[in-house]
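One structure below.
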Amino acid sequence: MIIGANLPNIPWEDRPEGCNDIVWRYSGNPIIKRNQIPGANSIFNSAVVAKDGAFVGIFRSDDTAMEQHLFLGKSKDAINWEIEHSPLPLYDKDDNCIGVACGYDPRVCFIEDRYYVTWCTQYHGATIGVAYSYDFKKFYRLENAFLPFNRNGVMFPEKIGGRFLMFSRPSDNGHTPFGDMYISQSPDMEFWGYHRFVMNAQGWAWTKIGAGPIPIKTDEGWLLIFHGVGTTCNGMIYSMGAAILDIDEPWKVKYRCKPYIFHPTELYECVGDVPNVTFPCATLTDAATGRIAIYYGAADTVVGLAFTQVDELIKFIKDNKC
Ligand code: BMA
């Protein structure tokens, strides 16, 4: 059972007839095309949230010079998106514009009174950028959370033990061939410490793992959907995994699902700039029905939408635990 808000207008399709998958795809995928805004090479790994009866999001788009920026988007139905044509400007605490958001793989998390955006930025290498907004219009940049090299900074949607919590995945300056997940803690979103190991790369995700969407609070613990990577003779395959973490000490893994829950199989997931990638960055959830909509980047080119049901997914994780 989801512990959280109801979202009656969550996008949804029932599992298709004859499909036994725990997570199934939206029939209209991909929901965002690669060149939906002028000058875009690709729009993928992007994060959405519900706001005021509609939806907003932060989208990653690489332009045709292959420069990576974040863009604001809005939608009435969370399926058809209007994405701005210029990258998101960022402001400092004195209200000076300090440039546009460069980087990739954004996540958006509402905590207490504001939306936090975390993404992969550059500071002598990849690390975790942080910004916040009260209105999803103007975004204020904070200090980077960690030293390089680090990726996949993903916040928890509430303070735990009086502290903000963020997953991250220490990495290297390339296409990292290793990586486990950690949680770091902060009293103020500025100073990060109390680092805790969460999970290692193993099984089908034997190369590396990284947190995906903001974890979902349930009566069984934090439901975590993550990306996991296995390396083959033809390169890396990015699939999705799931686990349930302790509610008070989420670095303690209660159950980790042995099989993946989602794997690149469709043409738009297997053909694109980087083939065989499904990379989840956000979910929408409805506590009333237990519906979960998962937003994922496909083949580093477009955005896909998939669905699951919380009680079925939790049962699947428990029945198939490592
Ligand atoms: C990771 C990031 C992601 C990307 C993935 C697969 O290192 O760059 O943005 O989806 O590789 O290429």
Side-chain angles (χ1 to χ4, degrees), residues 29-34 40-48 57-63 65-71 87-88 101-108 117-123 125-129 144 146 148-154 167-182 201 204-214 225-241 260 262-266 268-283 294-306:
N29 270 354
I31 59 164
I32 296 181
K33 313 285 183 280
R34 66 179 304 158
N41 166 74
S42 45
I43 307 175
F44 56 111
N45 303 2
S46 299
V48 309
I58 302 278
F59 292 82
R60 168 188 179 169
S61 178
D62 297 4
D63 63 22
M66 297 312 270
E67 290 186 346
Q68 305 153 342
H69 291 107
L70 306 184
F71 293 74
L88 176 69
C102 302
Y104 54 96
D105 300 354
R107 309 319 200 268
V108 178
V117 182
T118 52
W119 74 100
C120 195
T121 189
Q122 284 292 318
Y123 180 74
T127 188
I128 308 303
N144 294 334
F146 306 121
F149 304 98
N150 207 320
R151 293 188 175 98
N152 298 299
V154 177
F167 291 106
S168 74
R169 207 275 304 290
S171 52
D172 71 5
N173 62 349
H175 302 293
T176 314
F178 62 87
D180 302 333
M181 281 172 52
Y182 291 80
W204 60 267
W206 61 269
T207 301
K208 55 183 171 178
I209 56 172
I214 306 306
I225 296 172
F226 59 95
H227 72 258
V229 182
T231 306
T232 75
C233 58
N234 266 331
M236 293 179 179
I237 302 180
Y238 282 65
S239 310
M240 297 183 204
Y260 60 69
F262 197 83
H263 186 71
T265 57
E266 301 307 298
Y268 56 90
E269 297 159 353
C270 301
V271 177
D273 282 8
V274 184
N276 309 320
V277 177
T278 52
F279 194 99
C281 285
T283 58
I294 305 172
Y295 290 77
Y296 66 98
D300 282 11
T301 305
V302 293
V303 176
L305 174 60

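Ligands are counted one by one from 1 in listed order, and the atoms in each one are counted from 1 as well.
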Can a non-hydrogen atom of Arg60 be found less than 4.0 Å from any atom of ligand 1?
yes
Taking both backbone and side-chain atoms of His175, is any N or O found less than 3.5 Å from an N or O belonging to ligand 1?
no
Under 3.5 Å, is there a donor on one side chain and an acceptor on the other for Arg151 and Thr176?
yes
Asn45: numbered ligand 1 atoms lying under 4.0 Å from its heavy atoms
3 (C), 4 (C), 9 (O), 10 (O)
Looking only at non-hydrogen atoms, the one of Tyr104, Phe44, Phe279 nearest atom 8 (O) of ligand 1 is Tyr104
Could you pull out all residues at least two apart from Arg60 that satisfy salt bridge (charged side-chain N to carboxylate O under 4.0 Å, His left out)?
Asp62, Asp105
Atom 10 (O) of ligand 1 [closest protein heavy-atom partner, distance rounded to 0.1 Å]:
Asp300 OD1, 2.6 Å
May I ask you to decide if the ring planes of Trp204 and Tyr260 are parallel, tilted or perpendicular, using 30° and 60° as cut-offs?
perpendicular
If you measure only the distance, is there a donor-acceptor pair under 3.5 Å linking the side chains of Asn150 and Ser168?
yes
Asp105 neighbourhood, listing ligand 1 atoms whose heavy-atom distance to it stays under 4.0 Å:
2 (C), 3 (C), 9 (O)
Quick one: which of Ile31, Val48, Ile32 gives a side-chain contact (heavy atoms from CB on, under 4.5 Å) with Leu305?
Ile31
Using a 3.5 Å cut-off on N or O atoms only, is Tyr238 in polar contact with ligand 1?
yes
Of all residues at least two apart in sequence or in a different chain, which pass the salt bridge (charged side-chain N to carboxylate O under 4.0 Å, His left out) check with Asp180?
none
